[in-house]
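The sequence lines fix the lettering, A, B, ..., with proteins before strands; numbering per chain opens at 1. Model, not experiment: these values are computed from the prediction.
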2 protein chains.
Amino acid sequence: MKSIAENTINRLIVYKKELGRLLKDSVSNVYSHKLAQLSGFPSHLVRRDLMNVGYYGSPAHGYKVNELEKCISDFLCTPDYVRVILIGVGNLGRAILDYCNQQNPKISIIAAFDSDKNKVNKIYHGIYTFHIGSVQNYIKENDIKVAIITVPGSEAQKIASEIVESGVNGIVNFTPVRLQLPDDVYIENLDMMLGLEKVVYFVDGG
Amino acid sequence: MKSIAENTINRLIVYKKELGRLLKDSVSNVYSHKLAQLSGFPSHLVRRDLMNVGYYGSPAHGYKVNELEKCISDFLCTPDYVRVILIGVGNLGRAILDYCNQQNPKISIIAAFDSDKNKVNKIYHGIYTFHIGSVQNYIKENDIKVAIITVPGSEAQKIASEIVESGVNGIVNFTPVRLQLPDDVYIENLDMMLGLEKVVYFVDGG
DNA sequence: TTTGAATTGTGAAAATAATCACAATGTGAA
DNA sequence: TTCACATTGTGATTATTTTCACAATTCAAA
């Protein structure tokens with residue numbers, strides 16, 4: 001498998017989403033310039049990226065929206081169906097439950113976990129909440145590979161270590177803690193404060 | 001102002017946070033290797049980054065935690081106090097209100113806005129919620145430059161255009177919509193689904 | 001059929017970022 | 001004082017990413 005830059009992956013995911021939207025609007029063809037405008041990246045970068053995934057358009061009609069969408073999806077090898085769990089059903093966790101399952105039919109949050117007894121056995125946005133104590137068994141029995149962590153920072157490292165031990169090797173980490181985990185675990189840190197600080201930097205400083 | 005790569009800024013923000021934590025633990029000195037381990041970046045990159053901000057440690061004692069923290073803060077020129085508003089008081093908006101104001105004393109969310117009359121005039125996590133109709137005036141009167149958008153995707157573009165027109169030039173966009181705005185507006189897109197898709201890619205695809 | 005306009009695909013160049021390797025520095029022990 | 005050690009700071013190198021520039025392609029219209 002040829003190695004593709006992380007930035008390229010980011011952009012492909014954005015293209016894919018925009019293509020999905022075009023598809024919904026029954027747009028059948030799109031030019032690199034249009035895709036560039038929609039995604040916010042320059043058009044030559046769009047073309048370069050599409051080269052990487054191996055899709056070829058035509059100079060006359062640009063790219064076929066449905067084919068390209070399919071092609072990027074295949075490339076990202078979003079498999080038929082990925083099952084994900086969410087740990088920590090606070091405000092943020094519930095927001096994610098609400099949001100995620102309406103966005104991508106191929107990636108589903110299939111269970112939630114929390115330590116609060118008032119939340120356990122409840123259903124939030126269609127997802128059943130189990131007690132955190134059962135998470136390791138759940139991961140093993142259902143062969144879960146990806147988890148979203150939205151617990152308080154103080155608990156993040158402990159839980160992360162446990163789920164990795166049980167077989168998880170991809171984590172979306174919404175806590176402000178930098179998790180210390182084996183190198184083969186892919187961690188995507190989505191600390192919201194970081195995004196805000198960056199904006200403040202580029203607005204005031206730069 | 002010399003131009004610093006966005007990636008460097010990202011890392012600096014992470015260092016700053018880890019330094020803050022060390023400071024709390026009364027650690028007075030830190031070596032690049034330690035900072036590397038905490039932040040997850042290689043140590044030579046840490047040293048290179050610190051070169052960029054112009055802080056110099058000593059081979060014997062590494063870096064002084066308090067000085068370095070101060071130096072990075074100054075470099076990021078997080079000014080004395082930045083006032084930010086949040087638009088859209090749903091699950092996600094409330095989670096952010098809860099989370100942000102306890103993280104960085106120099107950046108505060110000072111007001112929230114929503115169109116739902118049941119939320120207007122309420123206080124969530126200490127922040128007063130105004131009706132969305134008043135947001136343009138509020139921005140002008142209080143000279144707001146940065147906003148967090150957590151409204152439904154369908155409303156995002158309209159609101160973004162309005163607030164930019166009123167003077168905002170930095171946006172943290174939590175909606176899945178790619179906002180079309182003038183080039184001088186800095187936009188940080190934090191689409192949560194994107195993070196999840198990325199993890200799925202790197203876990204399953206390789 | 002030929003021309004013209006728009007767009008793609010891509011080699012090559014430029015710009016940017018990350019890594020390496022090591023001299024310089026300071027410290028503590030002998 | 002001298003030596004050994006660990007660490008910093010940085011020039012040089014390597015690798016990666018982005019941009020440029022233009023030939024090749026396709027179609028519609030004359």
Side-chain angles (χ1 to χ4, degrees), chain A residues 1-15 18-19 22 27-72 75 183 198 201-202 206, chain B residues 1-15 18-19 22 27-72 75 183 198 201-202 206:
Chain A
M1 161 147 289
K2 83 167 105 163
S3 116
I4 293 286
E6 188 171 330
N7 282 352
T8 307
I9 301 300
N10 287 340
R11 290 191 297 264
L12 286 174
I13 295 172
V14 175
Y15 303 151
E18 292 302 329
L19 288 166
L22 290 174
V27 177
S28 62
N29 291 76
V30 68
Y31 297 109
S32 61
H33 293 80
K34 179 66 178 172
L35 208 43
Q37 186 224 323
L38 290 173
S39 62
F41 306 113
S43 63
H44 50 78
L45 202 39
V46 171
R47 295 204 297 278
R48 184 63 81 187
D49 288 336
L50 298 192
M51 254 185 80
N52 279 326
V53 315
Y55 182 79
Y56 296 94
S58 89
H61 298 123
Y63 309 100
K64 290 194 179 176
V65 175
N66 58 347
E67 283 182 11
L68 180 53
E69 201 275 345
K70 176 77 166 46
C71 190
I72 294 179
F75 180 85
D183 285 348
K198 205 160 130 190
Y201 172 77
F202 281 108
Chain B
M1 160 147 291
K2 83 167 101 163
S3 115
I4 293 286
E6 190 170 329
N7 283 352
T8 306
I9 300 300
N10 288 340
R11 289 191 299 264
L12 287 174
I13 295 171
V14 175
Y15 304 150
E18 292 303 330
L19 289 166
L22 291 174
V27 177
S28 61
N29 290 77
V30 68
Y31 296 110
S32 62
H33 293 81
K34 180 66 179 173
L35 208 42
Q37 187 225 323
L38 290 173
S39 63
F41 306 113
S43 62
H44 51 77
L45 202 40
V46 171
R47 294 204 296 278
R48 183 65 81 187
D49 287 338
L50 298 193
M51 252 186 81
N52 280 325
V53 315
Y55 182 79
Y56 296 95
S58 89
H61 298 124
Y63 309 100
K64 291 194 179 176
V65 175
N66 58 350
E67 282 182 13
L68 180 53
E69 202 273 345
K70 175 78 164 52
C71 191
I72 294 178
F75 180 86
D183 285 348
K198 205 160 132 190
Y201 172 79
F202 282 108

Is the closest side-chain heavy-atom distance between [X] and [Y] below 4.5 Å?
X	Y	answer
B:Leu12	B:Asn52	no
B:Leu19	B:Leu35	yes
A:Leu50	A:Ile72	yes
B:Tyr55	B:Lys70	no

Q.
I need the residues from residues 28-46 of chain A with at least one non-hydrogen atom less than 4.0 Å from DNA chain C; give them sorted by number, or say none.
A. A:Tyr31, A:Ser32, A:His33

Q: List for me each residue that meets side chain to side chain contact (heavy atoms under 4.5 Å, CB included) alongside B:Lys198, sequence neighbours excluded, and say none if there are none.
A: A:Glu6, A:Ile9, A:Asn10, A:Ile13, A:Tyr186, A:Glu188, B:Phe202

**Q.** With sequence neighbours excluded, residues passing side chain to side chain contact (heavy atoms under 4.5 Å, CB included) with B:Arg11
**A.** B:Asn7, B:Thr8, B:Tyr15, B:Phe41, B:Leu45, B:Asp49

Q) How would you give the extent of chain B contacts on DNA chain D, as first and last nucleotide 5' to 3' within a 4.0 Å heavy-atom cut-off? A) D:dT7 to D:dA12

(Q) Nearest 0.5 Å, please: how far is CZ in B:Arg48 from NE2 in B:His44? (A) 10.0 Å

For atom [atom1] of [X] and atom [atom2] of [N], their distance in whole Å:
X	N	atom1	atom2	result
B:Met51	C:dT19	CE	P	16 Å
A:Asn7	C:dA17	CG	C1'	11 Å
B:Asp49	C:dA17	CG	P	11 Å
B:Arg48	C:dT16	CZ	P	16 Å
A:Leu50	C:dT8	CG	P	9 Å
A:Asn52	C:dG11	CG	P	12 Å
B:Ile4	C:dA18	CD1	C1'	15 Å

Q. So, the side chain of A:Tyr31 versus the backbone of A:Ala60: is there a donor-acceptor pair under 3.5 Å, distance only?
A. yes

Q) OP1 or OP2 of C:dA21 less than 4.0 angstrom from a side-chain nitrogen or oxygen of B:Arg47, does that happen here? A) no

Q: Would you please name every residue forming a salt bridge (charged side-chain N to carboxylate O under 4.0 Å, His left out) with B:Glu18, sequence neighbours left out?
A: B:Arg21

Q: Heavy atoms under 4.0 Å is the rule here; annotate nucleotides 23-30 of chain C 5' to 3' with B where the base is hit, S where only the sugar-phosphate is, and - elsewhere.
A: --BSS---

Q | Minimum heavy-atom distance B:Leu22-B:Val30, with the two atoms named | A | CD1-CG2, 3.9 Å

Q) A:Pro42 and A:Ala36: which non-hydrogen atoms are nearest, and at how many Å? A) C-CB, 3.9 Å

